[in-house]
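Quick notes on the structure that follows.
Residue numbering restarts at 1 for every chain, and letters A, B, ... go by the order of the sequence lines. Atom set for the values below is all heavy atoms of this structure, side chains included, hydrogens, waters and symmetry mates excluded.
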Amino acid sequence: MDERFSRLRGFIDIYGEDLYFFNLIENTFRKYAEIYGFEEIKLPILERTELFVRGIGEGSDIVRKEMFSFKDRGNRDVTMRPEGTASVVRAFLENNLLNDPKYHKLFYIGAMFRAERPQAGRLRQFHQAGVEWFGSDSPLVDFENISMLWYILKELGISDKVDFIVNSVGCDKCTPNYKSYLTSFFDEHYDKFCEDCKERRNKNILRIFDCKNPSCQNTLKNAPKIKETLCDNCKYHLDTLTDMMSKDKIPFSIEDNLVRGLDYYTRNVFEVRYKGIGAQNAIAGGGRYNNLVSEFGGPSIPAFGFAIGIERTIITLKENIELPKKMSVALCSVSSKETNFSLEIAKILRKEKIVTHVLSHIGNLSKQMKVANKLGVKFAVIVGEEEFREKKVSLKDMETGKQNTVPIENLIDKLNNKGLE
RNA sequence: GCGAGCGUAGCUCAAUUGGUUAGAGCAUUGGACUGUGGCUCCAAGGGUUGCGGGUUCGAGUCCCGUCGCUCGCCCCA
């Protein structure tokens, strides 16, 4: 192919096994979101740039260097959404959903865009499935969200392959205190920190916990813990959530260092990690954001949300789950005289929702069998002069190689019983 | 934005310190086999060695540039 037409870096085609798992994740997520009482919402991919600048935070890395932003034909500043929450909040306010309790719990599934350098588990266009729950500050809400995610991962078969990590980043009341404690601690040990951390000190001091530098990590061992400075209310939120998770036997660990990169989070935050992906190991994450709705000019309404990274979850599934083999049949005919007969049979099979490949257009029988083998079908149904005359088919199990002739009226039964003597 | 590694057939990889016409397996196509796939055997097609320049009698191999991919940092899902 002419390379001028090749796909853009970080943008991929999804098909085959990947798409199977993609759909599995999407369907499982949708099923549970609905069971838990969430309503689906489809949101625009393109929004005003200002929405994300305000929502995610001017100082965040996403806004500073990762957005696909440009001017549209009307000279408006627009951005391809890098995440879902800001848009959901916007839609919540713009459609006055506050007035209708039915739409206080929303979920979305769709593509997100970030202009980063691609690497394992990181793409420029990726997909997230997420929920947002408006109107309550109760830790029960935090728990409901996390437990829903737990059951989704359980149904997908990977709940025992991942780690749940929980923390609290505090609220308006206690975070400023903590930040000032941390800043004075930092200044006491200023020389022991790396250049990056010195920059973090001024930008967002909490991020120093994300530093991979061993010397910084070592210094931070003695740093004040956020847990020790949480206000009573925040402490109550974290304790209640973790109690509920323990009671429901959802395994988790508390990590003082867990800080989220989006500025809007308050109180409880969490992340789900899978070790097999490489450096980009967070397959889901989220938390409480009690100030974002008012930030957009709405009333002061607390909220909680999380999102699953679909591509990263696909990686996890591929490493742990076998692809199921579905029932399928190849229809082979000996000569063109039996073409109509095999089309009749195809009709019968498809009526029973059996995946049917008609191969009559492909060469001789030997060639058809070869193709049937490549397609990986469970059975070959072979029709020739004799079968046509007697209204029968030859049914061959492609795995065992066993073959019987069966009357047409018994074909479906035979296939469903999957038994050939 | 920064750092490292890698670009040879559709795929996975060979090719002696630079040395004839760049090879093999898998895959594809045809045949052995005109009513039976997988296994075997035979044959065929498939390459501007990512691209451009340089060094050299001679470059897949060395040098420079460029593009692409991968991994990591940053950050996040």
Side-chain angles (χ1 to χ4, degrees), chain A residues 1 3-4 6-10 12 25 56-57 59-67 82-85 110-130 149 162 194-197 199-200 203-204 207 210-213 258-262 265 270-274 277-286 305-316 330 332-335 337-338 359 362-388 394-403 405:
Chain A
M1 191 200 68
E3 278 181 18
R4 285 177 303 170
S6 69
R7 50 168 212 263
L8 263 21
R9 86 180 321 188
I12 58 161
I25 294 162
I56 301 167
S60 69
D61 280 36
I62 293 178
V63 169
R64 280 176 41 242
K65 48 189 192 189
E66 296 170 6
M67 295 207 298
E83 60 111 41
T85 302
M112 307 295 161
F113 304 84
R114 292 182 200 174
E116 301 176 90
R117 288 285 284 276
Q119 69 189 69
R122 193 169 77 185
L123 294 161
R124 289 187 165 184
Q125 177 178 339
F126 60 101
H127 297 79
Q128 287 188 339
L149 176 56
V162 300
C194 68
E195 289 309 308
D196 285 344
C197 279
E199 206 172 300
R200 290 188 183 99
K203 237 167 51 190
N204 184 351
R207 301 224 67 91
D210 286 343
C211 188
K212 302 285 196 294
N213 190 319
L258 177 67
V259 192
R260 311 250 78 220
L262 291 81
Y265 285 112
F270 78 102
E271 195 168 285
V272 181
R273 292 185 197 145
Y274 172 68
I277 299 178
Q280 311 302 318
N281 59 2
I283 66 167
F306 74 84
I308 301 175
I310 293 183
E311 283 81 357
R312 290 182 186 179
T313 309
I314 291 173
I315 295 171
T316 310
C332 307
S333 46
V334 175
S335 77
K337 286 181 201 143
E338 290 87 28
L359 302 183
I362 297 168
N364 56 24
L365 183 58
S366 170
K367 188 71 46 72
Q368 293 176 42
M369 291 299 288
K370 224 170 197 166
V371 173
N373 190 51
K374 287 270 158 58
L375 288 171
V377 297
K378 285 217 162 133
F379 290 94
V381 173
I382 302 159
V383 296
E385 220 178 314
E386 201 183 317
E387 286 87 349
F388 178 56
S394 291
L395 182 62
K396 179 167 190 169
D397 186 318
M398 294 299 279
E399 270 159 46
T400 65
K402 284 178 186 163
Q403 183 171 331
T405 52

Which atoms of nucleotides 33-38 of chain B (N or O only) lie under 3.5 Å from a protein N or O atom, and what are those distances?
residue: B:rG35; atom: O6; partner: A:E385; partner atom: N; Å: 3.4
residue: B:rG35; atom: O6; partner: A:E386; partner atom: N; Å: 3.3
residue: B:rG35; atom: N1; partner: A:E387; partner atom: OE1; Å: 3.0
residue: B:rG35; atom: N1; partner: A:E387; partner atom: OE2; Å: 3.3
residue: B:rG35; atom: N2; partner: A:E387; partner atom: OE2; Å: 2.6
residue: B:rU36; atom: O2; partner: A:K396; partner atom: NZ; Å: 3.0
residue: B:rU36; atom: O2; partner: A:Q403; partner atom: OE1; Å: 3.3
residue: B:rU36; atom: N3; partner: A:Q403; partner atom: OE1; Å: 2.8
residue: B:rU36; atom: N3; partner: A:Q403; partner atom: NE2; Å: 3.1
residue: B:rU36; atom: O4; partner: A:Q403; partner atom: NE2; Å: 2.6
residue: B:rG37; atom: OP1; partner: A:S366; partner atom: OG; Å: 3.4
residue: B:rG37; atom: O2'; partner: A:N373; partner atom: ND2; Å: 3.3
residue: B:rG37; atom: N7; partner: A:K396; partner atom: NZ; Å: 3.0
residue: B:rG37; atom: N1; partner: A:M398; partner atom: O; Å: 2.7
residue: B:rG37; atom: N2; partner: A:N373; partner atom: OD1; Å: 2.9
residue: B:rG37; atom: N2; partner: A:M398; partner atom: O; Å: 2.6
residue: B:rG37; atom: N3; partner: A:N373; partner atom: OD1; Å: 3.3
residue: B:rG38; atom: O4'; partner: A:N373; partner atom: ND2; Å: 3.3
residue: B:rG38; atom: N2; partner: A:E399; partner atom: O; Å: 3.2

Rounding to an integer number of angstrom, what distance separates [N] and [M] when you compare their [atom1] atoms?
N: B:rG3; M: B:rA77; atom1: C1'; value: 24 Å
N: B:rU48; M: B:rG31; atom1: C1'; value: 33 Å
N: B:rU28; M: B:rG38; atom1: P; value: 10 Å
N: B:rU21; M: B:rC39; atom1: P; value: 37 Å
N: B:rA27; M: B:rU12; atom1: P; value: 15 Å
N: B:rG30; M: B:rA14; atom1: P; value: 32 Å
N: B:rU61; M: B:rG53; atom1: P; value: 14 Å
N: B:rA9; M: B:rA4; atom1: P; value: 27 Å

Any residue meeting side chain to side chain contact (heavy atoms under 4.5 Å, CB included) with [X], in chain and number order, not counting sequence neighbours:
X: A:N364; answer: A:S366, A:K367
X: A:A111; answer: A:F113, A:Q125, A:H127
X: A:V371; answer: A:L359, A:I362, A:L375
X: A:A129; answer: A:F29, A:I109, A:I310

### Query
How is the base pairing of RNA chain B summarised as a dot-bracket string, given the Watson-Crick and G-U wobble criteria with both distances under 3.5 Å, [ ] for crossing and | for another strand?
(((((((..((((.....[...)))).(((((.......))))).....(((((..]....))))))))))))....

Whole-Å distance between [N] [atom2] and [X] [atom1]?
X: A:L123; N: B:rC69; atom1: CG; atom2: P; result: 12 Å
X: A:F126; N: B:rC75; atom1: CZ; atom2: C1'; result: 11 Å
X: A:I62; N: B:rC74; atom1: CD1; atom2: P; result: 16 Å
X: A:I12; N: B:rA77; atom1: CD1; atom2: C1'; result: 14 Å
X: A:K65; N: B:rC2; atom1: NZ; atom2: P; result: 11 Å
X: A:R7; N: B:rC67; atom1: CZ; atom2: P; result: 19 Å
X: A:F270; N: B:rA77; atom1: CZ; atom2: C1'; result: 11 Å
X: A:E116; N: B:rA77; atom1: CD; atom2: P; result: 10 Å

Any residue meeting salt bridge (Lys or Arg N to Asp or Glu O under 4.0 Å) with [X], in chain and number order, not counting sequence neighbours:
X: A:E116; result: A:R122
X: A:K337; result: none
X: A:R273; result: A:E255, A:E271
X: A:R117; result: none

Dump the pairs, protein N or O against N or O of nucleotides 5-7 of chain B, anything under 3.5 Å, distances to one decimal.
none

Any base atoms under 4.0 Å from [X], or only sugar-phosphate, or nothing? Heavy atoms, all strands.
X: A:G121; answer: base
X: A:A120; answer: sugar-phosphate
X: A:L8; answer: nothing

### Query
Using a cut-off of less than 4.0 Å, is there contact between a side-chain N or O of A:R9 and OP1 or OP2 of B:rC69?
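For A:R9, the contact criterion (side-chain N or O under 4.0 Å from OP1 or OP2 of B:rC69) is met.
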
### Task
May I ask you to verify if any side-chain N or O of A:Q119 is less than 4.0 angstrom from the OP1 or OP2 atom of B:rU70?
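No, outside the criterion.
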
#### Entry: Note, A:K378 side chain near A:M398 side chain (heavy atom, < 4.5 Å)
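Not touching, per the 4.5 Å side-chain cut-off.
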
### Task
Could you tell me whether the side chain of A:E66 reaches within less than 4.5 Å of the side chain of A:D61, counting heavy atoms only?
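The answer is yes, as the side chains (C-beta and beyond) meet within the 4.5 Å cut-off.
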
### Task
Mind checking the CZ-CD1 spacing from A:R114 to A:I62? Nearest 0.5 Å is all I need.
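It is 4.0 Å, given to the nearest 0.5 Å.
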
#### Entry: Those residues that, when tested against A:F126, pass ring-ring contact (aromatic ring centres under 6.0 Å, His included) (two or more places apart)
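If we apply the ring-ring contact (aromatic ring centres under 6.0 Å, His included) test to A:F126, skipping adjacent residues, there are no hits.
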
### Task
Would you mind telling me which residue lines up with the more 5' stretch of RNA chain B, A:Q128 or A:R117, judged by nearest nucleotide?
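By nearest-heavy-atom nucleotide position, the 5'-most residue is A:R117.
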
#### Entry: Steps toward side chain to side chain donor-acceptor pair (under 3.5 Å) verdict (A:S394, A:E387)
CA-CA 7 Å; A:S394 291; A:E387 286 87 349; 2.6 Å; yes

### Query
Is the base of B:rC74 touched by the side chain of A:R122 through a donor-acceptor pair closer than 3.5 angstrom?
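Donor-acceptor pair under 3.5 Å: yes.
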
